[in-house]
Number of protein chains: 2
Amino acid sequence: MGILRKTQSLAVMLAEFDKSSHAISAIDLIRRLSNKLNKTTVYRILDKLEDDGLLHSFLGKNGIKWYAKCNGCSKTAHTDVHPHFQCVDCGQVDCLAIQIPIPELPNRTALMSSVLIQGKCQNCL
Amino acid sequence: MGILRKTQSLAVMLAEFDKSSHAISAIDLIRRLSNKLNKTTVYRILDKLEDDGLLHSFLGKNGIKWYAKCNGCSKTAHTDVHPHFQCVDCGQVDCLAIQIPIPELPNRTALMSSVLIQGKCQNCL
DNA sequence: AATTTTAATGCAACTAAGTTGCAAATATAT
DNA sequence: ATATATTTGCAACTTAGTTGCATTAAAATT
């Protein structure tokens, strides 16, 4: 349903995403904010921010959910699709500002694709 | 550690993978075999078959784990890497016999990549 | 073939990530 | 200032997967 009210919790969450340019996993966010926000609240605000096109979500290693800021998305059009990179050493996750072309598939229609590249980040090389 | 003994459970599991050419989710396998095998056993045999290069695993929609037969992999070299396709309507998952090239990433080393394409399969079009 | 050894299995209990229902608190509208 | 509606916290739940341990079943040894 998206964000309707400017609450304290919302401010806290947005501040957290403004702090760093990396993606943040839901779990980590819950841990970081555990003294301020309930985990249910965190999940719910993440949902709404995604609905509103301010965040996008994707699955990292082991199927856990990550969130990062969107670039140029709106409530109606999530156009900011890109691969994500996760460092196998430090676990850090980033959006990659590149496009991976998906070829035409015979007998199938591709609607979306998710690409996770794992490897070593600059710090861990 | 891989498969060491030829057990009844192993035979049951292999039979299940021979039945269909599609990928099978761990959960579905557990459900299908619930009258014959315990879920712990299913998970353990899947692990071993993956170690041995007979199956490969990957994450589908919602981060749940899928398994499919490998083509030309061995205990030491898992060379059969490819994208997977999941139908958004029927949920069916298949390996795609194509290669998605991953470009060089500045300041990073890519070690592996996983690509999940979602869309409509032939049946559901 | 009987016995010993070692691996595989089933079970119950657990973990981790995420979800749901509901009462209480907090924004916003009146 | 009050009423209305959304948000929050809490506890309890769900789902996928894991762990420890006693029992069972392969395979090796005699």
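Residue numbering restarts at 1 for every chain, and letters A, B, ... go by the order of the sequence lines. Note that the structure is a prediction, hence the values are computed from the model and not measured.
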Under 3.5 Å, which donor-acceptor pairs link side chains of residues 16-23 of chain A to any protein atom two or more places apart or in another chain?
unit_1, atom_1, unit_2, atom_2, d
E16(A), OE1, K19(A), NZ, 3.2
E16(A), OE2, R32(A), NH1, 3.0
S20(A), OG, H22(A), N, 3.1
H22(A), ND1, D94(A), OD1, 2.5
H22(A), ND1, D94(A), OD2, 3.4

Report the stems of DNA chain C as range-with-range entries sorted by first number; a stem here is at least three consecutive pairs, Watson-Crick or G-U wobble, both distances under 3.5 Å, and write none if there are none.
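Stems for DNA chain C, defined as runs of 3 or more consecutive pairs: C:1-30 with D:1-30.
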
Whole Å only: how far is the [atom1] atom of [X] from the [atom2] atom of [N]?
{"X": "I30(A)", "N": "dC10(D)", "atom1": "CD1", "atom2": "C1'", "result": "15 Å"}
{"X": "N35(A)", "N": "dC10(D)", "atom1": "CG", "atom2": "P", "result": "12 Å"}
{"X": "I64(B)", "N": "dT15(D)", "atom1": "CD1", "atom2": "P", "result": "12 Å"}
{"X": "R5(A)", "N": "dA5(D)", "atom1": "CZ", "atom2": "P", "result": "10 Å"}

Residues forming a side-chain hydrogen bond (donor to acceptor under 3.5 Å, both in side chains) with [X], sequence neighbours excluded:
{"X": "K61(A)", "value": "none"}
{"X": "S74(B)", "value": "T76(B)"}
{"X": "T40(A)", "value": "N38(A)"}
{"X": "D51(B)", "value": "none"}

State which residues pass side chain to side chain contact (heavy atoms under 4.5 Å, CB included) with I45(A); sequence neighbours excluded, sorted by chain then number.
S9(A), L10(A), M13(A), T41(A), L49(A)

Among residues 37-61 of chain A, which residues get a heavy atom nearer than 4.0 Å to DNA chain C?
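Only K39(A), T40(A), Y43(A), R44(A) qualify.
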
In Å and rounded to the nearest 0.5 Å, what is the CD1 to OH distance from I27(B) to Y43(B)?
6.0 Å

Identify, with sequence neighbours excluded, every residue that meets salt bridge (charged side-chain N to carboxylate O under 4.0 Å, His left out) alongside D47(B).
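Here no residue qualifies.
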
Identify, between L4(A) and T7(B), the residue whose nearest nucleotide on DNA chain D lies closer to the 5' end.
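This one resolves to L4(A).
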
Quick check on DNA chain D: between R31(B) and I3(A), whose nearest nucleotide comes earlier from the 5' end?
I3(A)

Is a donor on one side and an acceptor on the other found under 3.5 Å between the side chain of Q86(A) and the backbone of G91(A)?
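The answer is yes, because a donor-acceptor pair under 3.5 Å joins these two groups.
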
Would you list the atom pairs, donor with acceptor, under 3.5 Å between side chains in residues 115-125 of chain B and any protein atom, with sequence neighbours excluded?
unit_1, atom_1, unit_2, atom_2, d
K120(B), NZ, D89(B), OD2, 3.2
Q122(B), NE2, N107(A), OD1, 3.4

What's in the same ILVMFWY side-chain cluster as V81(A), cut-off under 4.5 Å, chained through other members?
none

Boundaries of the DNA chain C segment in contact with chain A, non-hydrogen, under 4.0 Å
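Going 5' to 3' along DNA chain C, contacts run dA17(C) to dT28(C).
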
